[in-house]
There are 2 protein chains.
Amino acid sequence: MITVLGVPEVVIDRLPVYARTLAELNRKGRQVVSSQELGEELGVTPAQIRKDLSYFGRFGKQGRGYSVQRLTNELRRILGLDQAWTMVLVGVGNLGRAVLSYKGFTAEGFRIVAAFDAHTETVGRTVGGIRVYNVKNLASFLTSNPADIGIIAVSASGAQEVADLLVGSGVKGILNYAPVALRVPVGTQVKNIEPVLALQSMTYYLKTAAP
Amino acid sequence: MITVLGVPEVVIDRLPVYARTLAELNRKGRQVVSSQELGEELGVTPAQIRKDLSYFGRFGKQGRGYSVQRLTNELRRILGLDQAWTMVLVGVGNLGRAVLSYKGFTAEGFRIVAAFDAHTETVGRTVGGIRVYNVKNLASFLTSNPADIGIIAVSASGAQEVADLLVGSGVKGILNYAPVALRVPVGTQVKNIEPVLALQSMTYYLKTAAP
DNA sequence: CCGTGTGAACAAATTCACAGCC
DNA sequence: GGCTGTGAATTTGTTCACACGG
């Protein structure tokens with residue numbers, strides 16, 4: 001298939017999962033993997049994996065499977081993970097501090113370059129090696145230091161305002177930890193991290209689960 | 001529609017979002033809302049809202065809309081949010097401590113009753129008002145204090161072992177913060193919180209975004 | 001006349017199944 | 001013989017459009 005535009009979003013959402021599992025297999029010294037094995041590893045049908053990959057090219061060898069190394073690289077290239085991404089974080093409360101201290105982003109090439117907060121007692125501090133600035137200076141900071149992604153870790157009531165500010169300063173992607181549905185212009189990407197919503201849909205099934 | 005079983009999972013995942021927005025409208029003093037207005041509020045088509053609700057009953061009034069209060073209550077009942085849920089957390093590192101300090105769970109009726117960790121320097125401490133026990137005692141704790149949900153906040157390499165332990169001790173739902181696809185028996189619910197995967201799919205669109 | 005509830009029409013996503021190649 | 005890549009078949013999910021009640 002030659003299609004470049006119009007890949008379903010569900011497919012894009014699965015690619016990082018494949019990439020992560022492949023990296024894990026690579027670490028274990030695995031050279032080749034079939035869609036069957038990969039599917040078993042992460043609870044997905046082999047056909048789905050092959051179909052998903054077919055949107056982007058032909059990466060496998062019939063009768064053999066996929067080169068773990070090669071497929072990992074291809075997926076990282078497709079997703080844009082072969083480049084570094086810069087991020088700013090807004091809201092240095094409990095949650096914000098945990099995010100700043102988290103090593104997982106850096107390890108995958110996502111670098112937080114600055115943090116912002118409205119409370120004077122937090123401004124000027126350094127958390128997880130990241131300097132905290134006054135949120136009043138967010139726009140001017142981004143003008144001289146453009147960032148790709150903004151992380152919102154403020155309260156629900158302040159989140160929309162921060163989102164507007166980020167979007168107005170050229171940020172094209174938002175990772176939103178605030179429990180609110182943000183309104184952003186088309187073309188701006190938003191991904192929500194919502195543990196409470198996750199729990200609230202889980203209970204529907206627990207309620208009726210067999211003992 | 002009278003169907004009780006077989007509601008699509010995507011529908012269940014949307015209900016908490018509706019419930020949250022309705023609660024917000026309620027706080028603002030709003031009495032009645034139409035599917036049109038609710039849809040605009042959170043970027044969903046009115047038809048989808050009506051169809052989603054129709055799986056569970058008839059909650060609206062023709063020509064008027066939905067009673068905000070009534071619909072909130074119905075959704076909470078459907079989702080099982082009219083009861084309290086007890087949770088245990090495993091892994092009291094940076095992330096685990098942030099989760100223990102987070103007020104959002106308690107506010108929605110999800111109560112963490114105990115935390116567990118493998119490191120002796122952490123065991124015995126209290127974080128966010130929750131006592132930390134040795135993970136060796138997890139199974140015996142759960143035998144005398146059954147919990148509905150387990151929160152996994154350990155490293156990727158330890159997560160499967162913890163999941164097995166939780167499932168073996170009667171936990172029916174897992175909120176997983178570890179970056180790994182857990183294998184659990186059918187009937188056990190797993191929800192993954194994956195900020196890194198969220199970023200990694202977002203970059204696909206940022207890569208090709210218009211300037 | 002407004003807005004719900006819902007079959008029917010449509011669109012999207014998944015799975016099947018097999019030709020083709022290693 | 002094994003496994004990919006992919007059209008076709010099937011299943012699942014969304015939107016339309018309108019009868020009906022307030």
Side-chain angles (χ1 to χ4, degrees), chain A residues 1-15 17-18 21-22 25 30-75 78 201 204-205, chain B residues 1-18 21-22 25 30-75 78 201 204:
Chain A
M1 193 175 257
I2 314 163
T3 319
V4 158
L5 236 135
V7 181
E9 191 175 331
V10 280
V11 173
I12 302 299
D13 287 345
R14 280 192 292 264
L15 298 188
V17 185
Y18 300 163
T21 306
L22 286 163
L25 287 171
R30 195 65 184 281
Q31 304 277 340
V32 172
V33 70
S34 66
S35 60
Q36 172 78 48
E37 294 167 302
L38 191 53
E40 278 167 13
E41 193 74 27
L42 33 71
V44 165
T45 65
Q48 180 156 82
I49 294 173
R50 297 200 303 275
K51 176 68 90 174
D52 285 353
L53 297 177
S54 78
Y55 282 102
F56 304 98
R58 305 149 64 101
F59 308 119
K61 286 220 194 333
Q62 283 134 319
R64 306 255 305 137
Y66 301 88
S67 152
V68 172
Q69 182 69 67
R70 157 102 196 279
L71 188 52
T72 306
N73 291 342
E74 294 283 5
L75 287 175
I78 291 163
S201 54
Y204 173 79
Y205 299 100
Chain B
M1 195 175 253
I2 314 162
T3 320
V4 158
L5 236 136
V7 181
E9 191 175 332
V10 280
V11 173
I12 302 299
D13 286 345
R14 282 192 291 263
L15 298 188
V17 185
Y18 300 163
T21 306
L22 286 163
L25 288 171
R30 195 64 185 280
Q31 304 278 341
V32 172
V33 70
S34 66
S35 59
Q36 173 78 48
E37 294 167 301
L38 191 55
E40 278 167 13
E41 193 75 27
L42 34 69
V44 166
T45 66
Q48 180 156 82
I49 294 173
R50 296 202 302 276
K51 175 67 88 175
D52 285 353
L53 297 177
S54 78
Y55 283 102
F56 303 97
R58 304 148 65 101
F59 307 120
K61 288 220 191 335
Q62 283 137 320
R64 306 253 309 137
Y66 301 88
S67 152
V68 172
Q69 183 70 67
R70 157 102 197 280
L71 188 53
T72 306
N73 291 343
E74 293 284 5
L75 287 175
I78 291 162
S201 53
Y204 174 79

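Since this is a predicted model, take the numbers as computed values, not measurements. All chains are named by letter (A, B, ...) in the order of the sequence lines, taking the proteins before the strands, and each is independently numbered beginning at 1.
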Mind calculating the distance between [atom1] ([X]) and [atom2] ([N]) to the nearest angstrom?
X        : N       : atom1 : atom2 : answer
Lys51(B) : dC16(D) : NZ    : P     : 13 Å
Arg58(A) : dG7(D)  : CZ    : P     : 10 Å
Leu38(B) : dG5(C)  : CG    : P     : 13 Å

Side-chain N or O of [X] versus OP1/OP2 of [N]: is the shortest distance under 4.0 Å?
X        : N       : answer
Ser35(B) : dT4(C)  : yes
Gln62(A) : dG20(C) : no
Arg14(A) : dT14(C) : yes

Shortest side-chain distance from [X], nucleotide among [options]:
X        : options                  : value
Ala47(B) : dG3(C), dG13(D), dC16(D) : dC16(D)
Thr45(B) : dT4(D), dT15(D), dG13(D) : dT15(D)
Tyr66(A) : dT15(C), dG21(D), dT4(D) : dT4(D)
Ser54(A) : dG5(D), dC3(D), dC20(D)  : dG5(D)

Q.
Considering every strand and a 4.0 Å limit on heavy-atom distances, what is the contact class for Arg50(A): base, sugar-phosphate, or nothing?
A.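 Arg50(A): base contact, heavy atoms under 4.0 Å.
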**Request:** Would you please test Thr45(A) and Gln48(A) for side-chain hydrogen bond (donor to acceptor under 3.5 Å, both in side chains) and show each step?
**Result:** CA-CA 5 Å; Thr45(A) 65; Gln48(A) 180 156 82; 5.0 Å; no
- Query: Which sits closer to the 5' end of DNA chain C, Gly63(A) or Phe59(B), going by the nucleotide each is nearest to?
  - Reply: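 Residue closer to the 5' terminus by nearest nucleotide: Phe59(B).
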#### Entry: Val11(A) vs Gly60(B), nearer the 5' end of DNA chain C by closest nucleotide
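Per heavy-atom nearest nucleotide, the more 5' residue is Gly60(B).
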